[in-house]
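Here's the structure, in structure tokens; my notes come after.
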Protein chains: 2
Amino acid sequence: MAKRTGEKYEAIIDAAIRVIAENGYHNAQVSKIAREAKVADGTIYLYFENKDDMLISLFNEKMGAFIETVREATARVDSPSDQLRELMRLHFAQLEENPKMAIVTQIELRQSNRKVRQGIAETLKKYMDVIDDIIRSGIEQGIFRPDVDIRVARRMIFGTLDETVTSWIMNGCKYSLMDQVDPIHRLFLDGMGKEAPLQRDAHSEKEGNA
Amino acid sequence: MAKRTGEKYEAIIDAAIRVIAENGYHNAQVSKIAREAKVADGTIYLYFENKDDMLISLFNEKMGAFIETVREATARVDSPSDQLRELMRLHFAQLEENPKMAIVTQIELRQSNRKVRQGIAETLKKYMDVIDDIIRSGIEQGIFRPDVDIRVARRMIFGTLDETVTSWIMNGCKYSLMDQVDPIHRLFLDGMGKEAPLQRDAHSEKEGNA
DNA sequence: AGAAATTGAATGAATGGTCATTCACTAAGG
DNA sequence: CCTTAGTGAATGACCATTCATTCAATTTCT
């Protein structure tokens with residue numbers, strides 16, 4: 001029971017993406033997905049344990065492939081700064097190319113229940129690890145400041161990409177995400193502050209505040 | 001019909017926060033919220049149009065008050081850099097102080113349907129405006145680089161704070177959010193890159209890339 | 001080869017459980 | 001005695017999941 005491959009397996013996953021993106025999570029009934037996949041309701045249960053399992057598989061299948069792509073692409077680049085840019089480009093490209101997938105992962109799947117979110121979290125963790133690796137080698141190679149906290153930087157990077165995409169979707173996918181790569185990359189590397197060493201040292205020296 | 005004030009009104013909202021935080025959005029039945037508020041199921045419909053309306057009111061009520069606090073606090077500070085720090089401190093303080101509220105706004109309410117999210121978006125927009133104002137005056141006062149795109153910077157700021165809080169919750173609220181204020185603030189202002197003007201100019205000068 | 005038996009993928013109507021919402025009723029205050 | 005706030009059992013809509021049934025393909029038998 002619950003085959004995890006085959007023509008119908010993929011047809012169902014792709015249909016689920018379309019149905020969820022078009023109708024929203026709460027209106028994505030199993031029967032609607034089945035109809036879109038040109039399959040009977042019951043067939044879905046030959047390929048997935050239940051609806052949750054289908055959603056988790058959907059995410060892991062697509063996100064897993066994406067992470068592999070990012071791993072390969074960043075491995076082909078030397079500078080961690082460029083690796084970061086490459087990751088951002090792929091992140092945006094992937095979602096810009098496939099807005100329905102973007103809607104599903106950025107908006108709709110976040111409405112899922114605890115179990116689904118747990119199944120998703122594991123895969124997401126792998127993406128975080130890719131980001132961590134880039135930051136770590138940036139520090140080791142002396143490209144990034146040695147005192148950046150990897151976890152803090154990772155949350156900034158992921159949080160910014162995520163918010164950028166969410167906001168893009170919420171505004172109807174009108175502009176190009178790819179145009180944002182360089183401004184964001186610059187912001188990550190150089191910050192928004194004017195070069196003013198004195199001002200900066202003032203903060204980092206006193207540290208404690210009420 | 002649908003009074004939007006009174007003792008019970010607040011009791012219901014507070015009960016909803018507790019029930020949703022403890023049971024998750026999908027197990028927060030109206031009857032459970034009513035019981036927690038020591039009120040009959042039907043009473044909820046004297047104060048709210050329907051369940052959605054209750055959730056939207058919950059968010060707007062609490063978030064609205066928070067935004068007002070931030071507005072007042074940042075108005076008492078001159079430097080946009082410190083205004084930004086103040087906003088971050090309040091953002092983290094508010095959620096650290098009230099983890100149940102944090103769970104509801106960061107995790108559970110994101111599972112709501114389209115209508116709820118729309119109701120929420122409007123209030124969230126006001127928060128974005130506060131962030132925009134800080135960035136804008138930072139640029140005007142020459143504290144921030146004149147070429148930062150306000151929208152890009154805003155998404156970085158909000159996205160980072162949001163991801164930081166979500167990650168804090170997902171890991172069981174074990175560490176202090178407040179400790180993150182300075183490292184993040186530093187990252188926003190100075191970036192993660194080592195001071196290397198030559199490297200930076202390389203990017204900003206050529207611009208286009210395949 | 002042809003007939004008969006077996007398999008199991010696929011079907012989709014029926015089921016059962018869950019909840020948001022309603023409304024006929026009660027109680028308290030003026 | 002009338003009004004208003006509050007009650008909670010009953011209702012009805014919704015939907016994931018099940019399972020008896022179909023049917024095409026494959027295997028076994030004569």
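This one's a predicted model, so the numbers in the text were calculated from it and none came from an experiment. Proteins get letters first, then strands, A, B, ... in listed order; numbering begins at 1 in each.
Distance CD1 (Ile44(A)) to P (dG12(C)): 12 Å, rounded to an integer number of Å. Whole-Å rounding puts the Asp53(B) CG to dT21(C) P distance at 10 Å. Across the protein-nucleic acid pair, Leu46(B) atom CG and dG8(D) atom P stand 13 Å apart, rounded to whole Å. One can place OH of Tyr47(A) at 14 Å from P of dG8(C), the figure rounded to the nearest angstrom. As a whole-Å value, the separation of Lys51(A) NZ from dC14(D) C1' is 12 Å. As a whole-Å value, the separation of Phe48(A) CZ from dT18(D) P is 16 Å. Going from atom OH of Tyr9(B) over to atom P of dA5(D) covers 16 Å, rounded to whole Å.
Distance alone, capped at 3.5 Å, is enough to place a donor-acceptor pair between the His185(A) side chain and the Ser81(A) backbone.
Distance from the side chain of Asn50(B) is smallest to dT21(C) among dG6(D), dT11(C), dT21(C). Distance from the side chain of Asp41(A) is smallest to dA13(C) among dG6(D), dG8(D), dA13(C). When each of dT11(C), dG6(D), dA16(D) is scored by its nearest atom to the side-chain atoms of Thr43(B), the top-ranked nucleotide is dG6(D).
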Please determine whether side chain to side chain contact (heavy atoms under 4.5 Å, CB included) holds for the pair Phe92(B) and Ile184(B), giving the CA-CA distance in whole Å, both sets of side-chain angles, and the decisive distance to 0.1 Å. CA-CA 12 Å; Phe92(B) 288 157; Ile184(B) 297 175; 3.9 Å; yes
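Within the 4.5 Å cutoff, side-chain heavy atoms of Met156(B) are placed close to those of Phe188(A). The side-chain heavy atoms of Lys62(A) and Asp14(A), taken from C-beta on, include a pair separated by under 4.5 Å. Side-chain contact check for Phe66(B) versus Leu90(B): some heavy-atom pair is nearer than 4.5 Å.
Contact annotation: Lys8(A) reaches the phosphate of dA10(C) (side-chain N/O to OP1 or OP2, under 4.0 Å). Between Tyr45(A) and dC19(D), a side-chain N or O to OP1/OP2 separation shorter than 4.0 Å is absent.
Taking every heavy atom of residues 21-40 of chain B and every atom of DNA chain D, pairs under 4.0 Å involve Val39(B), Ala40(B), by number.
Ring orientation note: the planes of Phe158(B) and Tyr127(B) are nearly perpendicular, at an angle over 60° on the 30°/60° scale.
The existence of a salt bridge linking Lys125(A) and Asp129(A) is confirmed by a sub-4.0 Å separation between a basic side-chain nitrogen and an acidic carboxylate oxygen. Of the charged side-chain nitrogens involved, at least one lies within less than 4.0 Å of a carboxylate oxygen, so that Lys100(B) and Glu22(B) count as a salt-bridged pair.
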Strictly under 3.5 Å: I want the nitrogen or oxygen pairs between protein and nucleotides 24-30 of chain C, one per line.
none

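Under the side chain to side chain contact (heavy atoms under 4.5 Å, CB included) test applied with Phe48(A), the options Val30(A), Thr43(A), Asp53(A) reduce to a single match, Asp53(A).
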